[in-house]
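Notes for the one structure printed next.
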Amino acid sequence: MSKIAQQNSTPGISVIHTQAHASGLQQVPQLVPAGPGGGGKAAPPSKQSKKSSPMDRNSDEYRQRRERNNMAVKKSRLKSKQKAQDTLQRVNQLKEENERLEAKIKLLTKELSVLKDLFLEHAHNLADNVQPGGTENTTTPDNAGQ
């Protein structure tokens, strides 16, 4: 078995060693600390693989990855655009509902004012009709001659 080491110039970053089997068909990546006191954070696996093995832009694998990535970006943008449209539609609905409720408040306020005025007028009329002295016996002109 032979070991192929790919060096990384950043200190504290793990170095990837790959072991090639005798058949040469399968590679097994192994993470090994870059140096003594390697307390630094290792780069995410996606970034390590991109740095360690540059893809051939003409390969089918590269084209497939780019196509999948482009589709994912397109899907994400459509989803974001749809969410923005839904939010705008909801805002417009809430504005319309708010306007309707404000109009209803104005109408009910006017109605309350009219009813309050009628009540006060009726209360004044009752107060004017009450006889001084506190007795409630009233005689009507029809009953006075009997």
Side-chain angles (χ1 to χ4, degrees), residues 4-21 25-146:
I4 303 169
Q6 297 174 351
Q7 297 294 328
N8 192 341
S9 62
T10 309
I13 300 294
S14 299
V15 178
I16 298 177
H17 290 276
T18 56
Q19 284 185 343
H21 292 282
L25 296 176
Q26 185 179 9
Q27 294 182 347
V28 180
Q30 295 178 341
L31 293 176
V32 179
K41 292 183 179 179
S46 62
K47 291 187 178 182
Q48 287 179 350
S49 65
K50 288 180 183 177
K51 289 181 180 178
S52 64
S53 61
M55 289 227 142
D56 180 19
R57 291 184 180 227
N58 295 326
S59 70
D60 288 339
E61 183 182 355
Y62 177 80
R63 287 185 188 144
Q64 287 175 351
R65 284 187 180 195
R66 293 304 315 143
E67 186 175 328
R68 281 198 309 263
N69 180 263
N70 290 342
M71 289 173 62
V73 168
K74 185 176 182 179
K75 183 179 177 183
S76 174
R77 287 178 181 164
L78 286 174
K79 185 177 178 182
S80 176
K81 187 176 182 180
Q82 182 64 41
K83 187 176 179 180
Q85 287 176 346
D86 291 345
T87 302
L88 184 62
Q89 183 180 5
R90 180 72 175 137
V91 166
N92 289 333
Q93 287 175 346
L94 290 172
K95 281 182 181 178
E96 289 174 7
E97 182 181 359
N98 191 39
E99 289 173 3
R100 283 194 307 271
L101 290 172
E102 286 178 358
K104 189 173 184 178
I105 288 171
K106 286 181 181 179
L107 179 67
L108 290 172
T109 303
K110 284 182 181 180
E111 188 176 331
L112 177 65
S113 178
V114 168
L115 290 172
K116 185 178 177 182
D117 290 343
L118 285 174
F119 176 77
L120 290 174
E121 185 179 333
H122 182 68
H124 287 301
N125 287 340
L126 284 176
D128 291 344
N129 290 337
V130 173
Q131 293 179 355
T135 58
E136 298 265 338
N137 292 336
T138 58
T139 58
T140 59
D142 296 339
N143 295 339
Q146 296 176 350

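Atom set for the values below is all heavy atoms of this structure, side chains included, hydrogens, waters and symmetry mates excluded. Owing to the predicted nature of the structure, the values given are computational and were not obtained by experimental measurement.
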Gap between atom CZ of R68 and atom NZ of K75 - 0.5 Å precision: 13.5 Å

Heavy-atom donor-acceptor pair, S76 side chain to A72 backbone, under 3.5 Å: no

Main-chain N/O of L94 paired to N98 side chain as donor or acceptor, under 3.5 Å: no

E61 with R65: basic N within carboxylate O range, under 4.0 Å: yes

Spacing of NE2 belonging to H124 relative to CZ belonging to F119, to within rounding of 0.5 Å: 10.0 Å

T109 OG1 to I105 CD1 distance, which is reported to the nearest 0.5 Å: 7.0 Å

Note, D117 side chain near E121 side chain (heavy atom, < 4.5 Å): no

Rounded distance [0.5 Å steps], NZ in K104 versus CD in E111: 10.5 Å

Trace of the side-chain contact (heavy atoms from CB on, under 4.5 Å) decision for D60 with R63: CA-CA 5 Å; D60 288 339; R63 287 185 188 144; 3.9 Å; yes

Set of residues satisfying salt bridge (charged side-chain N to carboxylate O under 4.0 Å, His left out) with respect to R66, sequence neighbours excluded: none

Q85 atom CD, over 12 foreign heavy atoms within 6.0 Å: yes

Set of residues satisfying salt bridge (charged side-chain N to carboxylate O under 4.0 Å, His left out) with respect to D86, sequence neighbours excluded: none

Side chains of K110 and K106 in contact at under 4.5 Å (non-hydrogen atoms): no

Nearest-0.5 Å distance, CG of residue L115 to CG of residue L120: 11.0 Å

